[in-house]
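To start, the structure under review is shown below, and the notes come after it.
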Amino acid sequence: MDQGMDRAMDSAADVAARLGATGYLADQELATVVFLASRMQRPLLLEGEPGTGKTALAEALAQSLDLPLVRLQCYEGIDASQALYDWDFPRQILHLRALEAAGDVDSDEAEKSLYDERFLLARPVLAALRQAPAVLLVDEVDRADDEFEAFLLEVLSTWQVTIPEFGTVTAPEPPLVVLTSNRTRELHDALKRRCLYHWIDHPGLDREVQIVRSRAPEVSETLARQVVGLVQQLRARDDLLKPPGVAETLDWARALTYLGAAELDLASAAATLGALLKYREDADRVKAALDRMLAR
């Protein structure tokens, strides 16, 4: 890595401080694995429940290092072409018509000109290689299939891609890669071996209060602690379809603040549950127990 990147990632403490300046509070273990991933030029695989800050870490990293963030959102059926590149077919047709209109054009030269760089559409993986240094976020990689995993592993091993009509594109500097997974399926061992691994769990009460106060300073200390305390109770239940993550905690605290609530009460809590819970069944269960939960 270049000296600029070295200065940016001097130590785990430096990583934590830089992330903290963006509002992302990383514990010692997470800051350490991020530091090691940057120094060892290895992808970082983050697993954990939805809403624990996996995607937000990549965003905070890019901001803290002043690097472009390139995001590849995975989904069922995604293939290599959707991650790598495409050709701008409409522009190629217009170009070909312009050549025909000019007349006396060599067919081989015309075909070759169709695959000029100006017609190349870089998708996220190719864009990250060409823009490096950059942060490449491969989000929800567990939604993709085995074939896409194999393609991704090849790119992460060589930091280059070959475009038959264009040539080989090699990153001048490997991007800092963050892969996230909600563990809807197990990833292959080959991909895991290529990465440094970290499981992100929901934060404890004090750390989550710190996160709320850092990311939403308009929320009072009292309200933040009450909101987080109730959210922690909800995560301890086993009857919710989707326990709230940190993102929902932040939304709920902000919603209550916008309504002018100085502290959490039954009426304001019930009126704003839509910011916290995303299933009707969960909202009904929590509403029925709110008075008891607030009394704790």
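What's counted below: heavy atoms across the whole structure, side chains too, no hydrogens, waters or symmetry copies.
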Any donor-acceptor pair under 3.5 Å from [X] side chain to [Y] backbone:
| X | Y | answer |
| --- | --- | --- |
| Ser268 | Leu264 | no |
| Ser214 | Gln210 | no |
| Asp284 | Lys287 | no |
| Arg42 | Arg194 | yes |
| Asn182 | Glu49 | no |
| Tyr24 | Ile211 | no |
| Asp282 | Leu241 | yes |
| Gln232 | Pro203 | yes |
| Thr32 | Gln28 | yes |
| Arg213 | Val219 | yes |

Starting at [atom1] of [X], measure out to [atom2] of [Y] and round the result to the nearest 0.5 Å.
| X | Y | atom1 | atom2 | result |
| --- | --- | --- | --- | --- |
| Tyr75 | Gln82 | OH | CD | 3.0 Å |
| Arg237 | Arg285 | CZ | CZ | 8.0 Å |
| Gln41 | Leu36 | CD | CG | 13.0 Å |
| Leu234 | Thr249 | CG | OG1 | 9.0 Å |
| Leu121 | Leu84 | CG | CG | 12.5 Å |
| Leu120 | Arg91 | CG | CZ | 11.0 Å |

Check: [Y] and [X] side chains under 4.5 Å, non-hydrogen atoms:
| X | Y | result |
| --- | --- | --- |
| Val178 | Asp139 | no |
| Asp145 | Ile78 | no |
| Leu61 | Arg18 | no |
| Leu137 | Val70 | no |
| Glu263 | Leu256 | no |
| Val212 | Leu223 | no |
| Asp14 | Ser11 | yes |
| Ser81 | Arg123 | no |

Minimum heavy-atom separation for [X] and [Y], please, with both atom names.
| X | Y | answer |
| --- | --- | --- |
| Ala58 | Val135 | O-CG1, 4.0 Å |
| Cys195 | Leu45 | CB-CB, 3.8 Å |
| Pro133 | Pro68 | O-CD, 3.6 Å |
| Thr22 | Ala60 | OG1-CB, 3.4 Å |
| Pro124 | Leu136 | O-CD1, 4.1 Å |
| Pro172 | Ala132 | CG-O, 3.7 Å |

With Glu149, which of Arg185, Arg143, Lys192 fulfils salt bridge (charged side-chain N to carboxylate O under 4.0 Å, His left out)?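 Of Arg185, Arg143, Lys192, salt bridge (charged side-chain N to carboxylate O under 4.0 Å, His left out) with Glu149 is met by Arg185 alone.
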ILVMFWY network linking Leu259 to Leu294, side-chain heavy atoms under 4.5 angstrom: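 No, Leu259 does not connect to Leu294 through the hydrophobic network.
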Intermediate values then yes/no, side chain to side chain donor-acceptor pair (under 3.5 Å), Thr272 and Trp252: CA-CA 7 Å; Thr272 53; Trp252 196 31; 2.7 Å; yes
Does one side chain, of Gln73 or Arg71, offer a donor that lies under 3.5 Å from an acceptor on the other?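 The answer is yes; a qualifying pair exists.
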Between Thr168 and Thr162, is the side chain to side chain donor-acceptor pair (under 3.5 Å) condition met? List the steps. CA-CA 4 Å; Thr168 298; Thr162 298; 3.1 Å; yes
Salt bridge between Glu140 and Lys54, side-chain N to carboxylate O under 4.0 Å?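 Not counted as a salt bridge, because no side-chain N and carboxylate O are separated by less than 4.0 Å.
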Assign the ring pair Phe151 / Phe148 to parallel, tilted or perpendicular, where the plane angle (0 to 90°) is split at 30° and 60°.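 It falls in the tilted class, 30° to 60°.
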